[in-house]
Peer 1: 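Dropping a structure here in structure tokens format, bear with me for questions.
Below, read A as the first sequence line, B as the second, and so on, with proteins coming before strands; counting in each chain starts at 1.
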Number of protein chains: 2
Amino acid sequence: MPLSKSIGATNMANLDQQVGYMLRQAQLAVFADFIAKQRGAVLRPGQFSILAVIGRNPGLSQARVCCALAIKRANLVAAIDALASLGLVRRDASVTDRRSNRLHLTQSGQRALQAALETQAQHEARITRLLGSAGKRVLLKQLAKLCELRKTRSPE
Amino acid sequence: MPLSKSIGATNMANLDQQVGYMLRQAQLAVFADFIAKQRGAVLRPGQFSILAVIGRNPGLSQARVCCALAIKRANLVAAIDALASLGLVRRDASVTDRRSNRLHLTQSGQRALQAALETQAQHEARITRLLGSAGKRVLLKQLAKLCELRKTRSPE
DNA sequence: CCGATTTGTTATGCATCATAACATTTGGCC
DNA sequence: GGCCAAATGTTATGATGCATAACAAATCGG
């Protein structure tokens, strides 16, 4: 068994066998790869996810975006501000509910999303090459399971 | 197949089938569970990993901690400051290399690490219950593969 | 109609990560 | 031995992500 002893190098204290630690490292590596590949208007994973959800759900309210992406309402404001000032997203006042805004992609927003989706596909393909198609499918299923930790209040 | 159509709910734009997005969500969930379980002196995953590495490698230099945990030297300074002001870590000047510091756990640092390791074991056990023992092993191996993205400069 | 809730917003704080610059010290090399 | 490159710890600074509290306006329920 790989006990990660210290042979001149540093003893990793079994950190590399703990899910939380490895999740963090992998996430940083994957995000760095995503960011390195993106050269268009959409630069960061967060922006991309917001743009993608709005693109698939035209007229969505900010609250629903927050619910879908697990973002706090307060934090989405600046994000939409940024996307709007880049000319990618429109914030239209809803006529049926004057509290909420209806979010839409502009023409250039749709183009930006399209471009981002393509480079994202390359990024994803690279990961598939690394894990294998079946391996990636298994990984996604396990990550989904881990997300359930969020709901369950420690039962003991 | 689960095409994640929008049936009253919000269309997730296939985000839930992308490794980066799901990695992020899972990492947040796992970290939240870790933090919720920790009630001792060690509260956050970063602190824990630093403490664990120092505990297994007494006399380690800051630079080596940085190398092991993929932390920037500049950012470790404040982290060690915090652990030192909590009385968990000592920063001794090295006699062989007067540039570097030799890091050690204090008595109470060792106790804090011990306590953190125990609650961390509960946390990890909960994850094992969720994924299964084999599933967790597979997950760790795949996460390790993803970490290789950090080294490889996009080859095409 | 009135109280509770929802929605967007502002302000604020904290944690994490990154870069640049600097002084001190070490090491390699001629 | 002396000099230049590299390593080490440090400071300063900025961007990002995430969280909470409080607020006004609007909606909803009874």
Peer 1: Quick check on DNA chain C: between A/Leu28 and A/Asp97, whose nearest nucleotide comes earlier from the 5' end?
Peer 2: A/Asp97

Peer 1: OP1 or OP2 of D/dT16 sitting under 4.0 Å from any side-chain N/O of B/Arg24?
Peer 2: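 No.
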
Peer 1: Find the distance A/Ile50:CD1 to D/dT16:P and express it as a whole number of Å.
Peer 2: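 Between P of D/dT16 and CD1 of A/Ile50: 13 Å.
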
Peer 1: Does D/dT8 have its OP1 or OP2 closer than 4.0 Å to a side-chain nitrogen or oxygen of B/Arg64?
Peer 2: no

Peer 1: Is a side-chain donor or acceptor of B/Thr106 paired with a backbone partner of B/Leu88 at a separation under 3.5 angstrom?
Peer 2: yes

Peer 1: Can you check whether A/Arg91 has a side-chain N or O nearer than 4.0 Å to OP1 or OP2 of C/dT9?
Peer 2: yes

Peer 1: CG of B/Leu103 versus P of D/dT10: gap in Å, rounded?
Peer 2: 9 Å

Peer 1: Here's a test of your reading of the structure: between A/Pro45 and B/Ala63, which maps to the more 5' nucleotide of DNA chain D?
Peer 2: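 The residue closer to the strand's 5' end, by nearest nucleotide, is B/Ala63.
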
Peer 1: Pick base, sugar-phosphate or nothing for A/Asn75, based on heavy-atom distances below 4.0 Å to the nucleic acid.
Peer 2: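 A/Asn75: base contact, heavy atoms under 4.0 Å.
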
Peer 1: Over how many whole Å does the gap from A/Gln47 atom CD to D/dC18 atom P extend?
Peer 2: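 For the pair A/Gln47 CD and D/dC18 P, the rounded distance is 13 Å.
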
Peer 1: Output the single nucleotide from D/dA19, C/dA18, D/dG9 whose closest atom is nearest the side chain of B/Ser61.
Peer 2: D/dG9

Peer 1: Quickly work out the B/Arg150 CZ to C/dA18 C1' distance and round it to whole Å.
Peer 2: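 It is 13 Å, rounded to the nearest whole Å.
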
Peer 1: Separation of A/Leu83 atom CG from C/dG8 atom P, in whole Å?
Peer 2: 15 Å

Peer 1: Under a 3.5 Å threshold, yes or no: a donor from one side chain and an acceptor from the other, between A/Arg111 and A/Gln114?
Peer 2: no

Peer 1: Could you pick out which residue, A/Thr96 or A/Ala70, lies toward the 5' side of DNA chain D when each is mapped onto its nearest nucleotide?
Peer 2: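 Result of the comparison: A/Ala70.
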
Peer 1: Find the distance B/Ile71:CD1 to C/dA18:C1' and express it as a whole number of Å.
Peer 2: 13 Å

Peer 1: Looking at A/Arg99, I'd like to know whether one of its side-chain N or O atoms comes within less than 4.0 Å of OP1 or OP2 on D/dC23.
Peer 2: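 Answer no for this pair, as no side-chain N or O of A/Arg99 is under 4.0 Å from OP1 or OP2.
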
Peer 1: Take A/Ile50 and A/Leu76 through the side-chain contact (heavy atoms from CB on, under 4.5 Å) test and state the conclusion after the steps.
Peer 2: CA-CA 9 Å; A/Ile50 295 173; A/Leu76 187 65; 3.7 Å; yes

Peer 1: May I ask you to verify if any side-chain N or O of B/Gln62 is less than 4.0 angstrom from the OP1 or OP2 atom of D/dT10?
Peer 2: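 Checking B/Gln62 against D/dT10: at least one side-chain N or O falls below 4.0 Å of OP1 or OP2.
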
Peer 1: Considering only side-chain heavy atoms of A/Ala74, which listed nucleotide, C/dT19, C/dT10, D/dT11, is closest?
Peer 2: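 Of all the options, the side chain of A/Ala74 is nearest to C/dT10.
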
Peer 1: Determine yes or no for a side-chain-to-main-chain donor-acceptor pair under 3.5 angstrom, with B/Gln62 supplying the side chain and B/Asn101 the backbone.
Peer 2: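 A pair under 3.5 Å: no.
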
Peer 1: Judged by modelled atom types alone, do B/Glu124 and B/Gln120 share a side-chain donor-acceptor pair under 3.5 Å?
Peer 2: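 Judged by distance alone, the side chains do pair up.
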
Peer 1: Could you check how far CG of A/Asp81 sits from C1' of D/dT16, rounded to whole Å?
Peer 2: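 That distance rounds to 16 Å.
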
Peer 1: Rounded to whole Å, please give me the gap between CZ in A/Arg44 and C1' in C/dT16.
Peer 2: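 The distance from CZ of A/Arg44 to C1' of C/dT16 comes to 12 Å, rounded to the nearest Å.
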
Peer 1: Is there a side-chain polar atom (N or O) of B/Arg73 under 4.0 Å from OP1 or OP2 of C/dC17?
Peer 2: no

